[in-house]
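Presented below is the structure to which this report refers.
A quick note: this is a predicted structure, and the numbers were derived from the prediction, not measured.
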Amino acid sequence: MKAIFSFLYQWLIFVPIFVVLTIITALTVMIFAPVFGSRFWGYYPPKWWSRFTCWLALCRIKSSGHENLNPRGSYIFVANHQGAFDIFLTYGFLNQNIKWIQKASLRKIPLVGYASKMAGHVFVDNSSPAARANTIKEAKEEIVDGVSIMLFPEGARSHTGKLSRFKRGAYQIAYDLKLPIVPLTLNGPFDVLKRGTLSLKPSRLELIIHKPIPTEGLIEADIPALIDKSREIIHSALWERFKD
């Protein structure tokens, strides 16, 4: 009976409302961000879209560690990537003005791709070294006046909920700009919507904001140790079943 209710709720209530909210949010960003700037219009409409999505999915949200951040500071946020709801959890409840480093394939999604561009998010282009360098250059241009960058250093959603290898890109940006790295641990998105499925399961979602790791005074040879340190911090706060 519970499975039938979940199926009906997902397809008769969640999906239609989510689609409408997505269209309204995308159109709002597309109309207002080019005119009034993306600092407000590229952040707050998607933030509330993300919050409503989590609530609409009947998820219970817990976030902690906000006291570790300066609301007006700029950071490079790095988080584990358990599932699609990582985006909604982080965007909705981090309470920091962030720009995303996104896969180039997302640019092709109707409305959402163009709205992301207008919001100031950066699309990753790995077609060549020059293209990758340009991606990093675009990301750096967005980090002004308290705006931060958000990345998933694993690069793709987990198949198991556990951590995989972290890539260097986020840490290179942090090193070049001398901005603190802030590790985020995300628990629960793997349960809500697993990679490769369309079955939505309401669950607990937890966002843990760790203390910033300064990059001032580091040399480029320190980047691998910085990667390892942030990964260890993220891993330490995972629920036990998501640990190795």
Side-chain angles (χ1 to χ4, degrees), residues 65 68 75-91 94 96 98-107 121-140 143 148-197 205-215 218-244:
N68 292 326
Y75 304 97
I76 306 297
F77 291 102
V78 293
N80 57 309
H81 202 1
Q82 286 196 343
F85 269 71
D86 294 336
I87 295 171
F88 304 125
L89 176 59
T90 308
Y91 218 162
L94 181 59
Q96 293 284 136
I98 53 177
K99 304 295 183 185
W100 292 84
I101 305 293
Q102 301 180 326
K103 292 182 178 179
S105 59
L106 297 177
R107 191 195 296 265
H121 303 310
V122 179
F123 294 95
V124 177
D125 186 347
N126 287 318
S127 60
S128 69
R132 286 193 293 272
N134 188 60
T135 296
I136 293 176
K137 179 176 178 292
E138 290 182 23
K140 292 175 181 177
I143 307 176
S148 298
I149 287 288
M150 175 73 209
L151 302 97
F152 296 116
E154 292 169 282
R157 288 170 290 166
S158 172
H159 287 284
T160 62
K162 298 180 180 180
L163 285 179
S164 60
R165 185 177 67 87
F166 279 17
K167 298 178 181 179
R168 183 184 178 98
Y171 303 89
Q172 188 68 53
I173 295 174
Y175 170 78
D176 289 347
L177 296 181
K178 304 305 178 190
L179 287 175
I181 285 279
V182 180
L184 306 175
T185 299
L186 308 181
N187 286 306
F190 179 78
D191 298 326
V192 179
L193 190 62
K194 291 184 174 70
R195 181 176 179 177
T197 73
L205 293 174
E206 182 181 34
L207 164 65
I208 302 170
I209 305 166
H210 300 282
K211 292 182 179 180
I213 304 172
T215 58
L218 298 184
I219 61 174
E220 196 156 3
D222 293 325
I223 291 178
L226 181 63
I227 295 173
D228 291 342
K229 182 177 181 179
S230 67
R231 190 182 185 280
E232 289 171 5
I233 291 171
I234 291 171
H235 181 271
S236 70
L238 287 171
W239 294 343
E240 285 301 320
R241 58 193 173 89
F242 294 134
K243 292 183 178 180
D244 298 330

- Note on the structure: dist R165:CZ -> E154:CD (nearest 0.5 Å) comes out at 10.5 Å
- Message: Does atom NZ (K178) have a neighbourhood of more than 12 heavy atoms from anything else shown, all under 6.0 Å?
- Response: yes
- Please check if the side chain of N187 supplies one atom and the backbone of E206 the other of a donor-acceptor pair under 3.5 Å. no
- Query: Who pairs with Y171 by ring pair (Phe, Tyr, Trp, His ring centres under 6.0 Å), at least two apart in sequence or on another chain?
  - Reply: none
- Item | Closest contact, heavy atoms only, L151 versus A170 | CD1-CB, 3.7 Å
- Task: Could you tell me whether a side-chain N or O of R195 sits under 3.5 Å from a main-chain N or O of A84, the two making a donor and an acceptor?
- Result: no
- Query: Can you tell me how far the CE atom of M150 sits from the CD1 atom of I87, to the nearest 0.5 Å?
  - Reply: 9.0 Å
- d(L207 CG, D86 CG) to nearest 0.5 Å is 10.0 Å
- Geometric class of the H121/Y91 ring pair [parallel <30°, tilted 30-60°, perpendicular >60°]: perpendicular
- State, to 0.1 Å, how close A79 and F152 come at their nearest heavy-atom pair, and which atoms those are. O-CD2, 3.5 Å
- Task: Would you confirm whether Q102, through its side chain, and F123, through its main-chain N or O, come within 3.5 Å as a donor-acceptor pair?
- Result: no
- Note on the structure: Taking every heavy atom of P183 against every heavy atom of K211, the minimum-distance pair comes out as CD-O, 3.7 Å
- side chain to side chain contact (heavy atoms under 4.5 Å, CB included) assessment of D222 paired with K229: CA-CA 11 Å; D222 293 325; K229 182 177 181 179; over 6 Å; no
- Query: Is a donor on one side and an acceptor on the other found under 3.5 Å between the side chain of S230 and the backbone of I227?
  - Reply: yes
- So, T215 side chain and L179 main chain: donor-acceptor pair closer than 3.5 Å or not? yes
- Query: So F85 and F88, would you call those rings parallel, tilted or perpendicular, with 30° and 60° as cut-offs?
  - Reply: perpendicular
- Task: Would you please test Y175 and L226 for side chain to side chain contact (heavy atoms under 4.5 Å, CB included) and show each step?
- Result: CA-CA 10 Å; Y175 170 78; L226 181 63; 5.9 Å; no
- Chi angles and distances behind the side chain to side chain contact (heavy atoms under 4.5 Å, CB included) call for I208, L184: CA-CA 6 Å; I208 302 170; L184 306 175; over 6 Å; no
- Task: Calculate, to the nearest 0.5 Å, the distance between atoms OG and NZ belonging to S158 and K194 respectively.
- Result: 11.0 Å
- Is the closest basic N to carboxylate O distance between E240 and K243 below 4.0 Å? yes
- Ignoring hydrogens and geometry, is there a side-chain-to-backbone donor-acceptor pair from N80 to I234 under 3.5 Å? no
- Message: Using 0.5 Å steps for rounding, measure from the CD1 atom of I209 to the CG atom of L94.
- Response: 5.0 Å
- side chain to side chain contact (heavy atoms under 4.5 Å, CB included) between I223 and R168, worked out: CA-CA 8 Å; I223 291 178; R168 183 184 178 98; 3.3 Å; yes
- Query: Any side-chain heavy-atom pair from E220 and Q172 closer than 4.5 angstrom?
  - Reply: yes
- Locate the shortest heavy-atom distance separating P212 from Y75; write the atom from each residue and the value. CG-CE2, 4.0 Å
- Non-hydrogen atoms of T185 and I233 that approach each other most closely: OG1-O, 4.0 Å
- Query: How long is the gap from CD on Q82 to CG on L238, to the nearest 0.5 Å?
  - Reply: 6.5 Å
- Query: Taking the side chain as C-beta and beyond, is there a heavy-atom pair between V78 and V182 under 4.5 Å?
  - Reply: no
- Check H210 against A237 and note the closest heavy-atom contact, atom names and distance. CE1-CB, 3.7 Å
